[in-house]
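The next block holds one structure in the form of structure tokens; read it before the comments.
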There are 2 protein chains.
Amino acid sequence: MISNKAKYAFRALLAVAAAPDGEALTSAEIARRYGIPHKFLEQILLDLKKAGILDSRRGKSGGYVMLRPADTVSFGEVLRIFEGPLAPLPCLSRQSYRRCEDCVSEATCEIRREFGRAYDASRQVLDSRTIADALASAPFGAPTEEKHRLTG
Amino acid sequence: MISNKAKYAFRALLAVAAAPDGEALTSAEIARRYGIPHKFLEQILLDLKKAGILDSRRGKSGGYVMLRPADTVSFGEVLRIFEGPLAPLPCLSRQSYRRCEDCVSEATCEIRREFGRAYDASRQVLDSRTIADALASAPFGAPTEEKHRLTG
DNA sequence: ACAATTCCCTACTTATGAAGTCGGCATTTA
DNA sequence: TAAATGCCGACTTCATAAGTAGGGAATTGT
């Protein structure tokens, strides 16, 4: 299970990315909209800023905007910010490889081999799907703001 | 990252499954062989027994054997015993479904949709690959006991 | 100028789970 | 019948999740 922190981060990111044009969203507004504890969300948005994904403006009419375009921000990248390495074993992580302490031979470790398969499969998805993808692929029948305006 | 407990469970299971014929392996022997804390391993083997995967004999010349054949025990099943649900979100777990507390609409939740893809991919592997598969697919060049006897 | 608004930063709390440790009872067999 | 082995519950220690709390720093509408 992913942490609440990560889940909140995705909600916030999707909201900021979906905001019209370059309009800034305040932390208070996001918190209100999704029922996220405000002070907690502030920390999360800060983390996203430090990671170079969001930008912010202070003071009246301040808020958060995307720093990088939403189609360059993958789910995997965001998840790693809040959860650390996604690999099921330290010896499978590319970004922060660590040998298992009790490991005899990585090349013949059955556990490593099998979990490697599973990790490859999930990484393939997480590192290729972006925030923009997620917003674009609304299921048929679920009215977006746009459709709503046209058909409602 | 999976827990040490789960990792130890896999090591132990693979060892018991690989033991010649129906020969029983003691917890002490497994612990010694892989450097696992003995008392901790005992708890783990107990869990595997309660789950109906291992059987045990007590007293002198006791130990653990497979209760079910190794090709019916998937990595996913074992992992769930020690880690609980594998799903990244409660609303994606089939075995122990729970609606996200703040969820507005599962059908349109982008987070659910994207993590659903990732989970499907990884579950496909974990629930199909078995302990027997893992033992069978030794990489080329790594001598098994069998090969060793023949070629060494 | 100044007050309201918003982001920014640090420290703290509370609860939960991981990863064992410890002591001893129960059963089997040489 | 004693040694070996599994079985069981309670406890400890440390790290992390999930916030809470309080205030400082920048910006802007008036």
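What's counted below: heavy atoms across the whole structure, side chains too, no hydrogens, waters or symmetry copies. Here is how names work: the chains are called A, B, and so on, in the same order as the sequence lines, proteins then strands, and each is numbered from 1.
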Could you state the [atom1]-[atom2] distance from [X] to [N], rounded to the nearest angstrom?
X: B:Y34; N: C:dA19; atom1: OH; atom2: P; result: 20 Å
X: B:E42; N: C:dG23; atom1: CD; atom2: P; result: 14 Å
X: A:K5; N: C:dT16; atom1: NZ; atom2: P; result: 19 Å
X: A:I44; N: D:dG19; atom1: CD1; atom2: C1'; result: 10 Å
X: A:Y64; N: D:dA26; atom1: OH; atom2: C1'; result: 13 Å
X: B:I36; N: C:dG20; atom1: CD1; atom2: C1'; result: 13 Å
X: B:F40; N: D:dG9; atom1: CZ; atom2: P; result: 17 Å
X: A:N4; N: D:dT16; atom1: CG; atom2: C1'; result: 13 Å

Does B:K39 make a side-chain donor-acceptor contact with the base of D:dG6, cut-off 3.5 Å?
no
Of B:R58 and A:K60, whose nearest nucleotide on DNA chain C comes first from the 5' end?
A:K60
Among [options], which nucleotide has an atom closest to any side-chain atom of [X]?
X: A:S3; options: D:dA18, C:dT6, D:dT5; answer: D:dA18
X: B:S61; options: C:dC8, D:dG19, C:dA30; answer: C:dA30
X: B:Q43; options: C:dC22, D:dT5, D:dC7; answer: C:dC22

Specify the residue among B:G62 and A:G59 whose closest nucleotide of DNA chain D lies further upstream toward the 5′ end.
B:G62
Going by atom type alone, with no hydrogens or angles, which donor-acceptor pairs under 3.5 Å involve a side-chain atom of residues 36-65 of chain B and a protein atom two or more places apart or on another chain?
residue, atom, partner, partner atom, Å
B:H38, NE2, B:S27, OG, 2.8
B:K49, NZ, B:S56, OG, 2.8

Measuring from B:S74:OG to B:R80:CZ, what's the distance to the nearest 0.5 Å?
7.0 Å
Under the 6.0 Å and 45° cation-pi test, does A:R123 pair with A:Y119?
yes
Under 4.0 Å, counting only non-hydrogen atoms across every strand here, what does B:F82 touch: a base, just sugar-phosphate, or nothing?
nothing
Taking atom types as modelled, is there a side-chain donor on A:S137 or B:R113 under 3.5 Å from an acceptor on the other?
yes
Between A:F115 and B:F10, is the ring centre distance below 6.0 Å?
yes
Phosphate oxygens OP1/OP2 of D:dG6: is one of them under 4.0 Å from a side-chain N or O of B:S27?
yes
